[in-house]
Amino acid sequence: MPLPPAPTKRATMLAAGAMRQAAGKQDQPQDDTETTTSPAAGRKTAAAKAATRTPASRSLRRAAPEPAPTPAPAPAEAAAGAAPAAAAAAGRKTRTAPAAEAAPASSPATSPTASARPRRAAPAKPAARRKAEGPRKMFVLDTNVLLHDPTSLFRFEEHDIFLPMVVLEELDNHKKGMTEVARNGRQASRTLDALVGAQDGDIADGLKLDATGHVGAGGCLYFQTSPLSFELPPGLPQGKADNQILSVVAALRRQHAPREVVLVSKDINMRVKARALGLPAEDYQNDKTLDDADLLYTGSLALPPDFWAKAGKNVESWQRGAQMYYRINGPLVDQLMINQFVFYEAPGEPGMYARVTEIRERTAVLETLKDYGSSRNAVWGVNTRNREQNFAMNLLMDPDVDFVTLTGTAGTGKTLMALAAGLTQVLDQRRYTEIIMTRATVSVGEDIGFLPGTEEEKMGPWMGALDDNLEFLAKGDGGNAGEWGRAATNELIRSRIKIKSLNFMRGRTFLNKYVIIDEAQNLTPKQMKTLITRAGPGTKIICMGNLAQIDTPYLTEGSSGLTYAVDRFKGWPHSGHILLARGERSRLADFASEVM
């Protein structure tokens with residue numbers, strides 16, 4: 001917008017129509033003769049211009065708002081207003097922006113343009129910023145939290161973290177060795193070193209946790225830089241590391257009152273002692289995939305009894321080979337996932353067992369299953385005995401499914417079905433070259449010590465379940481083949497099964513292999529990721545386990561690597577999961593699983 005003409009004298013005010021004339025020239029450059037002769041005419045002209053104003057002119061008006069067309073002031077008012085203007089102008093040698101000085105003469109409240117324009121609402125604050133406005137807590141981390149999850153420093157959102165000096169000492173003691181705990185200790189130490197090196201200043205003032213790129217962490221990290229003393233009860237020895245951490249928590253609560261200071265520990269006894277002393281303590285919850293194991297994805301869904309009555313008219317069906325296909329729609333589609341099994345069972349009506357093969361907007365396609373419970377569809381002499389086992393066998397025998405997870409109590413047939421499907425696809429169908437079997441070497445009782453021999457011989461005592469199931473599978477239909485025939489069959493089976501240890505999996509790549517991971521409930525999410533990422537082209541991985549039999553310390557049903565894999569892979573077109581609900585080992589084993 002062109003600037004209005006400069007005043008003729010240093011202490012005089014601009015004429016009331018100077019800004020309007022400059023704005024009129026900007027809006028209508030062809031009209032050089034238009035003038036405003038009266039306030040009423042000026043208002044009509046401004047209204048006419050506002051009706052024909054282009055977007056470009058509107059943006060210019062926002063940048064430099066037009067003053068309101070007010071009547072010319074009376075001589076007395078002009079004289080009164082000229083005095084302060086003259087005094088303000090006397091201290092300035094030059095006038096560089098007269099438009100900027102003239103703009104405050106009209107307030108937004110009296111400007112017709114400002115009153116007609118809707119007021120812009122204040123921008124909404126981000127969720128992270130709104131959360132940060134609440135009370136920020138201070139969490140004191142125990143050593144076992146860092147050894148369990150080295151990235152736990154960045155999992156507390158906007159809250160602050162405090163590390164006592166004894167925690168750093170214990171972290172230093174656990175960094176030696178090749179165990180998972182030692183690796184986590186070294187990673188935690190490197191993380192702390194990166195945070196310290198990325199920021200300058202006094203470490204006592206705290207370190208920003210987002211300095212290394214973790215934008216989700218909005219708090220600060222504090223180290224114990226001065227002694228913090230608090231008298232614990234006489235029954236607790238002062239030299240023990242756990243008691244020193246408790247004394248630090250108590251001192252911080254007294255020093256930062258009324259701010260909430262919370263101890264975070266994976267040690268149950270540590271949390272119990274803290275609560276006994278009146279100190280708030282919590283378990284580290286961020287490693288848990290699910291808070292309740294009952295919420296874990298089961299892989300199957302029962303159709304409602306009135307399914308055919310409601311959806312019968314809108315269901316499309318066709319046949320391709322031996323399988324039937326159904327296309328359904330309605331609110332039920334929102335509950336389905338790819339490779340999820342659905343079944344319909346009603347008294348007096350034929351049942352339907354199908355798998356979801358396609359979901360597109362509000363429709364889903366169901367494919368009927370192959371019945372492996374029939375003797376003509378036996379897999380290496382094994383027939384399924386219940387609904388869930390048939391679901392699992394359909395996943396195990398499908399070449400398009402690369403990752404299968406099986407959970408269930410003892411005796412549900414997880415290992416037997418996985419081995420039978422593997423032998424059929426390796427020896428009969430030649431789909432895979434060999435079977436690789438591994439498991440987490442976590443003992444139920446005390447360790448028996450060093451095991452001599454090769455890698456496979458060392459893993460032999462851990463593979464008792466493999467031997468038991470192979471003994472059953474080697475019989476098959478050739479029970480009358482004689483001793484020589486059974487020996488040859490066992491030798492052939494053994495030649496195609498390799499037993500590997502988890503300790504030597506890093507860096508490997510499996511090509512066209514059938515990999516079975518047994519007792520997967522004892523694996524951490526990091527170990528599970530290490531194993532699954534070993535898969536190369538043409539490889540199928542089967543993870544099996546019982547979440548009620550976790551033997552690894554600090555692992556629960558919600559934080560197990562098996563739970564993590566089931567939750568992350570659900571709905572992927574090349575994976576499937578089934579919860580095997582009914583045991584088939586024996587009536588004694590089934591009754592023991594229920595009552596013990």
Would N144 and D142 count as a side-chain hydrogen bond (donor to acceptor under 3.5 Å, both in side chains) here? Give the steps. CA-CA 6 Å; N144 48 47; D142 196 359; 3.0 Å; yes
When you look at S189 and L171, which way does the side chain to side chain contact (heavy atoms under 4.5 Å, CB included) test go after all the steps? CA-CA 8 Å; S189 299; L171 205 62; 3.9 Å; yes
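- S247 contributes no side-chain N or O that, together with a main-chain N or O of F230, makes up a donor-acceptor pair within less than 3.5 Å.
- Around the CD1 atom of I268, the shell of radius 6.0 Å holds no more than 12 heavy atoms that belong to other residues, nucleotides or ligands.
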Apply salt bridge (charged side-chain N to carboxylate O under 4.0 Å, His left out) to D518 and K414, showing your working. CA-CA 9 Å; D518 201 5; K414 301 183 295 294; over 6 Å; no
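- In this structure, Q549 and A410 approach most closely via the heavy-atom pair NE2-CB, 4.1 Å.
- Using a distance-only test at 3.5 Å, with no hydrogens or angles considered, a donor-acceptor pair links the side chain of N173 to the main chain of E169.
- The heavy-atom pair separating H577 from T405 by the smallest distance is ND1-OG1, 2.9 Å.
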Please step through side-chain hydrogen bond (donor to acceptor under 3.5 Å, both in side chains) for the pair T212 and H214, ending with a clear verdict. CA-CA 6 Å; T212 55; H214 296 82; 3.2 Å; yes
Evaluate side chain to side chain contact (heavy atoms under 4.5 Å, CB included) for T191 paired with F154, printing each intermediate quantity in order. CA-CA 10 Å; T191 302; F154 311 105; 3.5 Å; yes
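- A side chain to side chain contact (heavy atoms under 4.5 Å, CB included) with Y514 is found for one member of L423, L419, I435 and no other, namely I435.
- Proximity of a side-chain donor or acceptor of Q340 to a complementary backbone N or O of M337 within less than 3.5 Å is detected.
- T357 has its side chain out of reach of I338: every pair of non-hydrogen atoms, C-beta onward, lies at least 4.5 Å apart.
- Remark: side-chain polar atoms of N243 are paired, donor with acceptor, to backbone N or O of P237 under 3.5 angstrom.
- One distance of note links OG1 of T407 with CG of N546; it measures 8.5 Å at 0.5 Å rounding.
- Among residues two or more places apart in sequence or in another chain, the salt bridge (Lys or Arg N to Asp or Glu O under 4.0 Å) test is passed with R271 by D283.
- By the neighbour-count criterion of 12 heavy atoms within 6.0 Å, atom NZ of K526 is densely surrounded, having more than that number from other residues, nucleotides or ligands.
- For E519 (side chain) and G545 (main-chain N/O), no donor-acceptor pair under 3.5 Å exists by modelled atom type.
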Using side-chain hydrogen bond (donor to acceptor under 3.5 Å, both in side chains), reason through T556 and S559 one step at a time and then give a plain yes or no. CA-CA 5 Å; T556 62; S559 61; 3.1 Å; yes
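- The CG atom of D567 lies 12.0 Å from the OG atom of S560; values are rounded to the nearest 0.5 Å.
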Verdict with supporting geometry, L153 and L192, side chain to side chain contact (heavy atoms under 4.5 Å, CB included): CA-CA 9 Å; L153 293 170; L192 294 176; 3.6 Å; yes
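- Side-chain contact between Y284 and N286 is present, with heavy atoms from C-beta onward closer than 4.5 Å.
- For the pair E260 and V262, the minimum side-chain heavy-atom distance is below 4.5 Å.
- Looking at R136, its side chain does come within 3.5 Å of a backbone N or O of E158 through a donor-acceptor pair.
- In terms of modelled atom types and a separation under 3.5 Å, the side chain of N339 and the main chain of S575 share a donor-acceptor contact.
- With a 4.5 Å cut-off on side-chain heavy atoms, M417 and L396 count as touching.
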Take R155 and T151, measure what side-chain hydrogen bond (donor to acceptor under 3.5 Å, both in side chains) needs, and give me the verdict at the end. CA-CA 7 Å; R155 307 296 185 188; T151 63; 3.1 Å; yes
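- How far CG of D242 is from CG of L236: 10.0 Å, rounded to the nearest 0.5 Å.
- With contacts defined as side-chain heavy-atom distances shorter than 4.5 Å, the pair M437/K500 does not qualify.
- Taking all atoms of both residues into account, the shortest heavy-atom contact from A392 to L406 is CB-CD2, 3.8 Å.
- The side-chain hydrogen bond (donor to acceptor under 3.5 Å, both in side chains) test with D172 singles out one residue from K175, K176, H174, and that residue is K175.
- Scanning all heavy atoms of the two residues, the minimum distance from L555 to Q521 falls at CD1-O, 4.1 Å.
- Taken to the nearest 0.5 Å, the CG atom of L147 stands 11.5 Å off from the CZ atom of R186.
- Between F341 and F391, the two ring planes are parallel [angle under 30°; tilted spans 30° to 60°].
- The aromatic ring centres of Y222 and F162 sit 6.0 Å or more apart.
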Given the rule in the side chain to side chain contact (heavy atoms under 4.5 Å, CB included) test, do I245 and V248 qualify, once you have shown the distances and angles that lead to the verdict? CA-CA 5 Å; I245 296 175; V248 168; 5.6 Å; no
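- Contact check for V404 versus I541: no side-chain heavy atoms found under the 4.5 Å cut-off.
- A donor-acceptor pair is defined here as one N or O able to donate and one able to accept, closer than 3.5 Å; such a pair exists between the side chain of N522 and the backbone of D551.
- How far CG of L416 is from CE of M544: 10.0 Å, rounded to the nearest 0.5 Å.
- Here the side chain of R254 pairs no donor or acceptor atom with the backbone of A250 at under 3.5 angstrom.
- The shortest distance between side-chain heavy atoms of L336 and L301 falls below 4.5 Å.
- Put simply, the side chain of M528 reaches to within 4.5 Å of the side chain of C543, judged on heavy atoms.
- With rounding to the nearest 0.5 Å, the separation of CG in L221 from CG in L207 is 5.5 Å.
- For R431 (side chain) and Q425 (main-chain N/O), no donor-acceptor pair under 3.5 Å exists by modelled atom type.
- Partners of K273 under the salt bridge (Lys or Arg N to Asp or Glu O under 4.0 Å) rule, at least two apart in sequence or in another chain, do not exist in this structure.
- Across all non-hydrogen atoms, the minimal contact from S152 to L141 is OG-CD1, 4.3 Å.
- Every residue two or more places apart in sequence or in another chain that forms a ring pair (Phe, Tyr, Trp, His ring centres under 6.0 Å) with H574 is listed here: W572.
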Would D160 and R259 count as a salt bridge (charged side-chain N to carboxylate O under 4.0 Å, His left out) if you check the C-alpha gap in whole Å, the side-chain angles of each, and the deciding distance to 0.1 Å? CA-CA 11 Å; D160 297 334; R259 188 182 185 185; 2.5 Å; yes
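- Here the closest heavy-atom approach between residue F139 and residue V264 is recorded as CD2-CG2, 3.5 Å.
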